[in-house]
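Just so it is clear, the model here is predicted, and its values are computed rather than measured. The sequence lines fix the lettering, A, B, ..., with proteins before strands; numbering per chain opens at 1.
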There are 2 protein chains.
Amino acid sequence: MAEMQAMPPEVEGGETTERVLQILSTSARLFATTGYDGTSMRDIALACGISKSLLYHHFADKDEIFARITLGSTRELVQFVESRLPEGAAPSLRIRAFMAATGEYFQRYRWAWIASTTAFWNDPQQRRQTERMLWRDRYEGLIRRLIEEAIAAGEIRPLDVPLAGRLVLSALNWMHRWHKPDQGMPAPEVAEAYFDMIFHGLKR
Amino acid sequence: MAEMQAMPPEVEGGETTERVLQILSTSARLFATTGYDGTSMRDIALACGISKSLLYHHFADKDEIFARITLGSTRELVQFVESRLPEGAAPSLRIRAFMAATGEYFQRYRWAWIASTTAFWNDPQQRRQTERMLWRDRYEGLIRRLIEEAIAAGEIRPLDVPLAGRLVLSALNWMHRWHKPDQGMPAPEVAEAYFDMIFHGLKR
DNA sequence: CCGGACCCTGACCGACCGGTCAACGAAGGG
DNA sequence: CCCTTCGTTGACCGGTCGGTCAGGGTCCGG
C-alpha cells in the first residue's frame, strides 16, 4: 500500500473499493514511469502487495485497468477545467484559467495524467480509447472556443485558431517531460507564466 | 526493402552499409509507430525481409539499434539546426530560423525523430542515452542562448529564459502528435507560425 | 582447388508475458 | 449448523520475448 498517488474519483464506470483504487493508482504510477508494454501484471501485483490473480478478480484484463485510468482521468480533467472557468469573465482571463486549471490537475493527478498523455496515442486499433477521445475532443474544442470568443471580443487578433489552440495545449502537454513535483515553480504557476508569454508575446 | 523512410547520414559510430541503413530506417518506423517494447526483433526482421539472426550479425542487441537511431538523429538535428542559423542576423530572426529548421528536420526524418522524442525519456538506467543527452542539452542550450541574445539586443523583454525556451521546444516537440505529413501546413511553416504567435503574442 | 571472410539462415534456449483455474478461508444470513 | 458469497491464492497454460548457436552459401585471393 505504502506511498500511493491519488487517483481522480471517477465514481461511475466501475466499483471503487479501496483495493480497486489502490490497484488503479499503483498501475497509473507504473504505466507512467515504465510504459504500458513495460509494465507487466506481475509488476502491478508485486507493487500492490497482492497476487496476480486478484488483479483479474477486479479487472477483466490489463487493458481494462489502463482504460479505467486514461478514461477516468481525461473525463475528470475536462470536468475539472470546465468547473474552473470564471463565468462572465473576459475571454482572455478564461483562457488563463483554463491553463492554470490544467496545470493544477496535472500537479494533483500526475501519474494518471502522464499515463493518459503518453501511451497509445497512435494505436491503430484504439483499444477502449474511443470514449476517451470524445472527452479529449471536448477539451480541445473548449480551448478553441475560448480563443474564438477572445477574438470576437477583440482581445486577440484574428489568427489560425486550431494552431493557436495547439500551441497552448503543446505547452501544457509537454510539461510532464521536464517538470518535477516539489521542485521549481508549481505547475499552475508555470501554466500562468506560459499564458502570459503566449498572450503578450516575447517581444519587448 | 520497399518503402523505407530516410535516415540521417550519421557516418561515424558504426558501419553504414545499405543493409544497416535499411534496418535502421525500418526499425525507426516501427519504434515510432508501435513503441520500443511494442516492437520485437521478429517484427523488425519481418519488415526488413530478413532473418532475425541477421539483425544480431549487424547489431549487438535491440538496444544498440535503438541507440543508433536516437543518438544519430539527435546529433544530426543539432548540427542541422546550427548550420541553418543566419550568421549576424537579428537574434529574433535566428530564433525563427531555429524553429523552422527544426520543423524541416522533423519533416525529413519523421520516424527517427518520433522514435527519439517518444521513448525512454525517463528510463532510470538510461541505457545508452547519455551521449544523446549531451546533444539534447546542447540543443536546449542553443535556444536559450538565442533568447538571451534577443533580450540583450532589446528585441525581447526580460523574462524567464529557461521557461521561454521550454515553451518554444514544447510547441516543436508536440508537433508529431498531431501533424500529418502531406496534409495541412508543412512542418516548417507550422514552426514559423508558432514563432510569430509566441514572439508577437496572441493579444490584438 | 583450397580456405577464410562475410552474409545469412532455421532451430533452439530460458525467461517472461497475459490470462485461467480450482480451491481456500473468513464472514454472514438462514 | 450449513450454505453462499467474496476476496484471495499458487500452480499452471500456450505463446512470445530477446538472444544464441552451428552451420550453409558465396565470393575472392592464393
Side-chain angles (χ1 to χ4, degrees), chain A residues 1-2 4 14-70 115 119-120 123-129, chain B residues 1-2 4 14-70 115 119-120 123-129:
Chain A
M1 194 88 58
M4 41 181 281
E15 52 174 2
T16 51
T17 67
E18 185 140 350
R19 175 102 314 156
V20 168
L21 281 182
Q22 181 206 13
I23 294 173
L24 287 176
S25 52
T26 303
S27 304
R29 195 188 76 236
L30 292 176
F31 286 145
T33 50
T34 60
Y36 181 85
D37 289 319
T39 304
S40 72
M41 294 297 271
R42 284 166 179 81
D43 294 335
I44 298 174
L46 186 66
C48 289
I50 61 179
S51 71
K52 189 163 64 82
S53 313
L54 189 52
L55 295 177
Y56 289 94
H57 177 73
H58 291 293
F59 299 92
D61 51 28
K62 190 181 175 182
D63 263 5
E64 188 185 308
I65 299 180
F66 188 76
R68 278 281 294 274
I69 292 171
T70 55
F120 282 165
D123 192 335
Q125 46 180 333
Q126 285 196 315
R127 313 185 185 206
R128 308 182 200 203
Q129 302 282 315
Chain B
M1 195 89 59
M4 41 181 280
E15 53 174 3
T16 52
T17 67
E18 185 140 349
R19 174 99 318 150
V20 168
L21 281 181
Q22 180 206 13
I23 294 173
L24 287 176
S25 52
T26 302
S27 304
R29 193 188 78 235
L30 292 176
F31 285 145
T33 50
T34 60
Y36 181 86
D37 289 319
T39 303
S40 72
M41 294 297 270
R42 286 166 179 82
D43 294 335
I44 297 174
L46 187 67
C48 289
I50 60 179
S51 72
K52 189 163 64 81
S53 312
L54 188 53
L55 295 178
Y56 289 94
H57 176 74
H58 290 291
F59 299 91
D61 51 29
K62 190 180 175 184
D63 263 6
E64 189 185 307
I65 299 180
F66 188 77
R68 279 281 294 274
I69 293 171
T70 55
F120 282 164
D123 192 335
Q125 46 178 332
Q126 285 197 313
R127 315 188 184 202
R128 308 181 198 205
Q129 302 281 315

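Residue A/Arg42 places a side-chain atom within donor-acceptor reach of the base of C/dG18, judged by atom type and a 3.5 Å distance cut-off alone. For A/Lys52 and C/dG19, a side-chain-to-base donor-acceptor distance below 3.5 Å is present, hydrogens and geometry of angles not being considered.
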Start with the C-alpha gap between A/Phe59 and A/Val20, add the side-chain angles, then the distance that decides, and say whether side chain to side chain contact (heavy atoms under 4.5 Å, CB included) holds. CA-CA 9 Å; A/Phe59 299 92; A/Val20 168; 3.8 Å; yes
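B/Ser51 comes within contact range of at least one nucleobase, with a heavy-atom separation under 4.0 Å. Within 4.0 Å of A/Thr39, counting heavy atoms only, lie sugar-phosphate atoms of the nucleic acid but no base atom.
Residue B/Arg19 has no polar side-chain atom (N or O) positioned under 4.0 Å from OP1 or OP2 of C/dC6. For the pair A/Ser40 and C/dC17, the criterion of a side-chain N or O lying under 4.0 Å from OP1 or OP2 is met. In this model, the phosphate group of D/dT8 is not approached by any side-chain N or O of A/His57 to a distance below 4.0 Å at OP1 or OP2.
Below 30°, between 30° and 60°, or above 60°: for B/Phe31 and B/Phe66 the angle between ring planes is above 60°, a perpendicular geometry.
Rounded to a whole Å, the CZ atom of A/Phe59 is 18 Å from the C1' atom of C/dT20. Rounded to an integer number of Å, the gap from B/Ile23 CD1 to C/dC8 C1' is 11 Å. For the pair B/Ile44 CD1 and D/dC17 C1', the computed distance is 13 Å after rounding to whole Å. Rounded to whole Å, atom C1' of C/dC7 lies 14 Å from atom CD of B/Glu18. C/dC8 atom C1' lies 13 Å from atom CD of B/Gln22, rounded to whole Å. Counting to the nearest Å, the C1' atom of C/dT9 and the OH atom of B/Tyr56 are 15 Å from each other. Atom pair A/Ile50:CD1 and D/dC6:P shows a separation of 18 Å (rounding to whole Å applied). We find that CE of B/Met41 is positioned 19 Å from P of C/dC17, with the value rounded to whole Å.
Judged purely by atom type and a 3.5 angstrom limit, B/Thr70 uses its side chain to pair as donor or acceptor with the backbone of B/Ala67. Remark: the backbone N or O of A/Leu30 is paired with a side-chain donor or acceptor of A/Thr39 at under 3.5 angstrom.
Closest to the side chain of B/Leu54, from the set D/dG19, D/dT9, C/dT9, is C/dT9. You'll find that the side chain of B/His58 is closest to C/dC8, out of C/dC8, D/dG19, C/dT9.
Between B/Asp61 and A/Leu55, the one whose closest nucleotide on DNA chain D sits nearer the 5' end is A/Leu55.
One finds the NZ atom of A/Lys52 at 12.5 Å from the CG atom of A/Leu46 (value rounded to the nearest 0.5 Å).
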